[in-house]
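Chain identifiers are assigned alphabetically (A, B, ...) following the order of the sequence lines, protein sequences preceding nucleic acid strands; residue numbering begins at 1 within each chain.
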2 protein chains.
Amino acid sequence: MGDVATARRGTNLPRMGDFNRSVIFDAIRRAPEGRSRVELVEMSGLSTQTVSNIARWLLEQELVVEAGKERAGIGKPRTLLRLNRTGMFAVGVHIDPAVMTFVVLDLVGGVVAHSRRRTPKANRPERVMALIHDGIEQLIADSEVPRDKIVGVGVAAPGPIDQERGTIVDPPHLVDWHRVPLRDALETSTGLPVLVDKDVTAAAVAETWAGGASGAGSFVFVYLGTGVGAGLVVHDELMRGVSGNAGEVGHIVTDPEGPVCWCGQRGCVAVTCTPQAMVEEAERAEVIPETRHAATLLRDARDVDAQFTRLCRVAAGGDAAAGDILNRAAEHTARAVAVLTNLLDVDRVVFGGPMWQRVSERYLERIPPHLDAFSATGALRRVPVVGTGVGDDVGAIGAACLVLERTFTPSAARLLLAH
Amino acid sequence: MGDVATARRGTNLPRMGDFNRSVIFDAIRRAPEGRSRVELVEMSGLSTQTVSNIARWLLEQELVVEAGKERAGIGKPRTLLRLNRTGMFAVGVHIDPAVMTFVVLDLVGGVVAHSRRRTPKANRPERVMALIHDGIEQLIADSEVPRDKIVGVGVAAPGPIDQERGTIVDPPHLVDWHRVPLRDALETSTGLPVLVDKDVTAAAVAETWAGGASGAGSFVFVYLGTGVGAGLVVHDELMRGVSGNAGEVGHIVTDPEGPVCWCGQRGCVAVTCTPQAMVEEAERAEVIPETRHAATLLRDARDVDAQFTRLCRVAAGGDAAAGDILNRAAEHTARAVAVLTNLLDVDRVVFGGPMWQRVSERYLERIPPHLDAFSATGALRRVPVVGTGVGDDVGAIGAACLVLERTFTPSAARLLLAH
DNA sequence: GGGGTTAGTCCGGTCGATGGACAAATGATA
DNA sequence: TATCATTTGTCCATCGACCGGACTAACCCC
C-alpha cells in the first residue's frame, strides 16, 4: 500500500532562503518590462528588507540587471529589475522518431542557437548516445556561450520514460534501446546536470517559462504531435504523476460512433483527434493521395507530418471533405478537453505542439463553443482556450526549459529537505 | 488571461517553524502504534535537536503523549510518541438532500458523538441555518467535549460550492437558497472557524486523515453517492481546482452504446455508473419494483438509496439480471477510472462513499482486471484498487476532517505568506 | 531651494534550525 | 556485579534569514 517510510520532509533556513530567492526571481521573470522592488514586496509578501537583500544577491550573481527607472508621480522613482538574458543558458535536446533537435536557450527562453540531426534508425545505443553528445558539444561551441554559464541539459522524448533512472522506456524508433542509462551517461560525458522527461511535459514547461501570461496559474496544455498528449499545470507547478507519466489522454472516448481503437473501445482520442488518425481518414476518403508503404506497419512520423500539412492545405483551399475531417476532429478534441477541464477545474486550456500551427485558426474558432457546451458548470464559468506562442521547436525548447524550471522555479519540492 | 498580479508568495521563519511542527505531527499521526524521535529524524530530514524541540512543544500542547518504550537491542530504548486522541476535536456536518448528519471527531479521526436530522424540504434559509446551528450545539453539549478543545466546524454538501464565499451554490434540495453566506453565518453564531467543501472532497480528505495506509501518497478517490464524483489527492495534498470544483467525472463516456445523457453524449458516467442510473435500469428491466412517483421529476435521494439496497440484495441472492446490471456498471466504472489513472498517474484508486459498502465485494473483484486492461501502461504498472475503511458517515466525518486537515496537515500553502 | 513623498538601505533584534558536547538508559561482557 | 559500548535524547552556543524601525536618496511641487 505504498511505502510507509515515505513521509513529508521538513525544511530549514537555507532552503527557505533559496526558495524566497526563486520567488523573487520568478516574479521578475514574468514581467518582461521589468519590476521594481516595491512591486516585488507586494507580490511576495516579504519585507522590503528581504526583497532588497535578494535583489542585491541576484544582481551580484548577474542573473538580473537594473533597467532604468519608472516615474510614478511624486517621490523617488522606482528602479526596475529585469532578467539578464545572458546570465545563464540551458541546452535542450528533443529526440523525435524522425529528427533530433538541439537548442541553446538564454534565461528568458530565447533561442540563441539551434541545430538538427536525423535520428539514426537502427544502431547501437552507444553510437546514438555519442551522436547526441556530439550534437550538444557542437551546438555549445557554435553558440559561443561560456561553459560555466550553462546550467544543464534537458532531454525530451515521446513517453513513456523512467524518471527515476533517467531513461527512455523502449522508444519505438530506437531499436536495441533497453534500459540505457541516458541521463547518467550524458552527465558524465558532458559534465553537466541532465534531466529527462516526456516531450509533452517539456512543452508544457516551455509554456510556463516562455509562454508569457498564458503560462501562469493552472492550465491544461494540449500537445498536438503525431499523437495527442496533455501536460497538467496546477498552481504554476507541473503534475508529473508518481512515475513521471501523467497526461495520457489517448483513450478518452470522444465519439461513440467512431472507429474501433486497438484498446477495444470506440472513438478514442487516439483514433479521432490525432493528426495520424486524421491523415488516415483523409487517405481513406481520398481527400489526399495515399503515400503509405504497405510494408511499414508503423507509419513514419515524417510521413504523417507531410500528409497532415497537405490535408490542412487542401482544407484551407476550400475542400469540404477535408474541412469536415478537421472540424470533426476539433469537436472530438473539445469533448476530450472538456473531460480534463471538468476534472481539474483549471484557469484555461493552452494548445501547442509541432502540429498546432496548421490547425490553430480552425481550432481556436471551433473548440471554445463546444467546450462551453460540454462543461460541467455550463457556460457559467467559461474556460478560455488559447494557442501557445512558443513556435515549432517546442520539444527542444521545452527540454531546455526543464532545466531552467528545475533551477529557478519556486516549487514546494525545493523547500523540502532532500533525502 | 488570469491576474498578472497573482504571483507566488514568499515564506518566513515563523511559517517554517509551523510547517515543521505539522510535518512531525503528521508523521506521528500516521503511525497509530507510535513513533520514536529517531524515526522522526530519519523521516523528516530534520536534526535531532529540532525534532526534540518540536516533540516537547507537542507534548506541552497535549497533542501527543509518550506511550511506552521500544527496546531494539542494545542502547537506550526509544520512547514512542503517539497522538493524544482527546487533545483536540472537530465538528463535521453533512448536508445531504435527505438528511443532515453531525459528528464530533477526536484527533485520530474517531467518532465520539453523532446525530442526524431530517433536511427541511422548503424553508427560509435563516430557519435552515438555525437548525444546523442547533444541531451543532446540541451535539457538542452531548459529547461533553470542552469548547476550547474544538478546532472548528466543517460543512460538506453536494457541489457545486463557492469556496471563496463559503456557500453552497443553488442546492437542488434547498429552495430559496441563493448566495446564503453559510460559512460566515455559522462562524458568528458558533464562534468557531468554519470550512465549506464538496462532500466528495470531504470524503477524500477523510481518507487521508482516517484511512490509514491507503490514504497516503497520491490516489484517486471514487465517491459513490447518488451520483459519482472523484477526489484527487496528489502527494498527500487534495487538488481542489481553481474554484474548488475539481473532480467532476459525470460526463466521461464509458459505454458508446449506452443511453443518451442530458449532456448530449451517449453512455456517460452519469447514465452508466451512478446508483441512480442502475436503479432506473433495474426498474425498467423489472428486476426491482418501481416506486417512482410520476409527479417527482427529480427522484428523491432516499428513494434511490432504498432501491439500490434492494437491487444489491436481489443480485446477491443470485438474480442474473440484477447481477448483470451491477457487473456492467463495474466495467463502465473501470473505464472511467482508467481515464483518471492514465491522466494522473497515481499510486492507487480508493473507493468509498455512502453507497460503496453495498457493492464493495463485487467491485473489488471485477474492477481491477478491467482497469489493468484499459491502463495506458498495460499490466506493466498495475494500479491497486482498494475500498475505504471509513464507514457510512463519510460525508460528515470528512467534513470534520476538513478542519483537522486545515489545522494540522503540512501543505505547501501553509508555508506561504498570506495576503 | 525647501518641504513633502516615495524608494531603497543600514542596523540591531528575533527566532528557528544546527552541530557538538553531554547526560541517561540499556545490553553485553568480564 | 561492575564496567563498557551503544544508542537515545537534551543542553548550549552559534548561525543565518527575515523583520521593524531609523535613516539616506531621489524626485515632484510650490
A.B. asks: Check nucleotides 22-25 of chain C for protein N or O atoms closer than 3.5 Å to its own N or O atoms and list the pairs.
C.D. replies:
unit_1, atom_1, unit_2, atom_2, d
dA25(C), N3, K76(B), N, 3.4

A.B. asks: How many Å lie between CZ on F19(A) and P on dG16(C), as a whole number?
C.D. replies: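 For the pair F19(A) CZ and dG16(C) P, the rounded distance is 19 Å.
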
A.B. asks: Of the listed nucleotides (dG9(D), dC18(D), dT9(C)), which one gets closest to any side-chain atom of V38(B)?
C.D. replies: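 Of all the options, the side chain of V38(B) is nearest to dG9(D).
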
A.B. asks: Pick out the pairs of N or O atoms, protein on one side and nucleotides 19-22 of chain D on the other, that lie under 3.5 Å.
C.D. replies:
unit_1, atom_1, unit_2, atom_2, d
dC19(D), OP1, N12(B), ND2, 3.0
dC19(D), OP2, S47(A), N, 3.1
dC19(D), OP2, S47(A), OG, 3.1
dC19(D), OP2, T50(A), OG1, 3.1

A.B. asks: Evaluate the ring planes of F408(B) and W209(B), with Trp represented by its six-membered ring, and classify them as parallel (under 30°), tilted (30 to 60°) or perpendicular (over 60°).
C.D. replies: tilted

A.B. asks: Can you tell me the distance, in whole Å, between the CG atom of L58(A) and the C1' atom of dG8(C)?
C.D. replies: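 One finds 16 Å between C1' of dG8(C) and CG of L58(A), rounded.
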
A.B. asks: Other residues, nucleotides and ligands only: do more than 12 of their heavy atoms fall within 6.0 Å of CZ on R9(B)?
C.D. replies: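 Enclosed: over 12 neighbouring heavy atoms sit under 6.0 Å from CZ of R9(B).
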
A.B. asks: Is there a side-chain contact between R56(A) and the phosphate of dC10(C), meaning an N or O under 4.0 Å from OP1 or OP2?
C.D. replies: yes

A.B. asks: Nearest whole angstrom, please: distance from the P of dC18(D) to the CG of D18(A).
C.D. replies: 10 Å

A.B. asks: Can you check whether R21(A) has a side-chain N or O nearer than 4.0 Å to OP1 or OP2 of dA17(D)?
C.D. replies: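 No, no such contact exists.
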
A.B. asks: Could you tell me if the side chain of R21(A) sits less than 4.5 Å from the side chain of L63(A), heavy atoms only?
C.D. replies: no

A.B. asks: Are any of R78(A)'s side-chain N or O atoms less than 4.0 Å away from OP1 or OP2 of dA7(C)?
C.D. replies: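 Answer is yes, contact under 4.0 Å.
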
A.B. asks: Give a yes or no on whether the backbone of A27(A) and the side-chain of R35(A) come within a donor-acceptor separation of less than 3.5 Å.
C.D. replies: yes

A.B. asks: Rounded to the nearest Å, what distance is computed from the CZ atom of residue R15(A) to the C1' atom of nucleotide dC18(D)?
C.D. replies: 19 Å

A.B. asks: Hey, does I54(A) have a side-chain heavy atom less than 4.5 Å from the side chain of F25(A)?
C.D. replies: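 Side chain of F25(A) against side chain of I54(A), heavy atoms only: no contact under 4.5 Å found.
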
A.B. asks: List the steps and the verdict of side-chain hydrogen bond (donor to acceptor under 3.5 Å, both in side chains) for N53(A) and R56(A).
C.D. replies: CA-CA 5 Å; N53(A) 290 337; R56(A) 182 171 47 226; 3.0 Å; yes

A.B. asks: Take the protein atom CH2 of W57(A) and the nucleotide atom C1' of dT9(C), then report the distance between them rounded to whole Å.
C.D. replies: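 Going from CH2 in W57(A) over to C1' in dT9(C) covers 20 Å.
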
A.B. asks: Taking the minimum atom-to-atom distance to the side chain of I74(A), which one of dG8(C), dC18(D), dT6(C) wins?
C.D. replies: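 Of the options given, the side chain of I74(A) lies nearest dT6(C).
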
A.B. asks: Would you please confirm or rule out a distance under 4.0 Å between OP1 or OP2 of dA7(C) and any side-chain N or O of T79(A)?
C.D. replies: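 Answer no for this pair, as no side-chain N or O of T79(A) is under 4.0 Å from OP1 or OP2.
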
A.B. asks: With side chains defined as the heavy atoms from C-beta onward, is the minimum distance between I24(B) and S44(B) less than 4.5 Å?
C.D. replies: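 Sidechains of S44(B) and I24(B): in contact.
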
A.B. asks: In whole Å, what is the span from the CD atom of E60(B) to the P atom of dT10(D)?
C.D. replies: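 About 12 Å, once rounded to whole Å.
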
A.B. asks: Please tell me which of the listed nucleotides, dA7(C), dC18(D), dG9(D), lies nearest to the side chain of I54(A)?
C.D. replies: dC18(D)

A.B. asks: If we ignore hydrogens and angles and just use 3.5 Å, is the side chain of R348(A) paired with the main-chain N or O of S214(A) as donor and acceptor?
C.D. replies: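 Yes: the side chain of R348(A) pairs with the backbone of S214(A).
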
A.B. asks: Considering residues, nucleotides and ligands other than E164(A), do more than 12 of their heavy atoms fall under 6.0 Å from its CD?
C.D. replies: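 Not more than 12 within 6.0 Å, no.
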
A.B. asks: Tell me: CZ of R35(A) to C1' of dA7(C), nearest whole Å?
C.D. replies: 17 Å

A.B. asks: Quick one: label G10(A) by what it contacts on the DNA or RNA (base, sugar-phosphate, nothing), any heavy atom closer than 4.0 Å.
C.D. replies: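 Touches nothing.
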
A.B. asks: Is the shortest side-chain heavy-atom distance between D106(A) and T86(A) below 4.5 Å?
C.D. replies: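 Result no, sub-4.5 Å side-chain heavy-atom pair not found.
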
A.B. asks: Under 4.0 Å between a side-chain N or O of N20(B) and OP1 or OP2 of dA17(C)?
C.D. replies: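 The answer is yes; a side-chain N or O of N20(B) sits under 4.0 Å from OP1 or OP2.
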
A.B. asks: Which whole-number value in Å describes the distance from L40(A) CG to dT9(C) P?
C.D. replies: 12 Å

